[in-house]
Amino acid sequence: MADTADAGNQESLEAFVERATAFLDEHLAKRQARTAFEWGVGEDSGVKLWEEPDSEEERVRLDDARRWRRVRFDAGFGWIDGPVEHGGRRAVR
């Protein structure tokens, strides 16, 4: 299999992975590794059956989602497999 996505995109898979990893390292916080489940150990504050955020919380979440989408798109990760003429990278293997 060729190392590039297509003839128009000469970025190697290794280069793409390196660039994507650097982007994620820069923009996302690391998650703590999960430990094995054990009954009665840990906290349950993140468990919610029904969540009804108020309008302001919904607005904040929507703004955050829009910001993250812009950051990804501006870095070239918005539509990796989309056609170039519509803003994608056409990086399909």
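All values below come from the heavy atoms of this structure, side chains included, with hydrogens, waters and symmetry mates left out.
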What residues form a side chain to side chain contact (heavy atoms under 4.5 Å, CB included) with T21, not counting sequence neighbours?
V17, D25

Which residues share a side chain to side chain contact (heavy atoms under 4.5 Å, CB included) with E58, sequence neighbours left out:
P53

Got more than 12 heavy atoms from elsewhere within 6.0 Å of CD, E85?
yes

Taking the six-membered ring for Trp, is the centroid-to-centroid distance between F77 and F16 below 6.0 Å?
yes

May I have all residue pairs that pass side-chain hydrogen bond (donor to acceptor under 3.5 Å, both in side chains) and include part of residues 64-74, sequence neighbours excluded?
none

Going by salt bridge (charged side-chain N to carboxylate O under 4.0 Å, His left out), name the residues that satisfy it together with E56, two or more places apart in sequence or in a different chain.
R59

Checking F23 against R19 for the side chain to side chain contact (heavy atoms under 4.5 Å, CB included) test, could you report, in this order, the C-alpha distance in whole Å, the side-chain angles of both residues, the deciding distance, and whether it holds?
CA-CA 6 Å; F23 171 79; R19 193 167 59 83; 5.9 Å; no

Linked hydrophobic residues, F37 as query - side chain contacts closer than 4.5 Å:
W39

Under the rule for side chain to side chain contact (heavy atoms under 4.5 Å, CB included), what residues qualify as partners of A22, not counting sequence neighbours?
none

Hey, is CD on E18 packed in by over 12 heavy atoms from elsewhere, all under 6.0 Å?
no

Shared hydrophobic cluster for V71 and L62 (ILVMFWY, side-chain gaps under 4.5 Å):
no

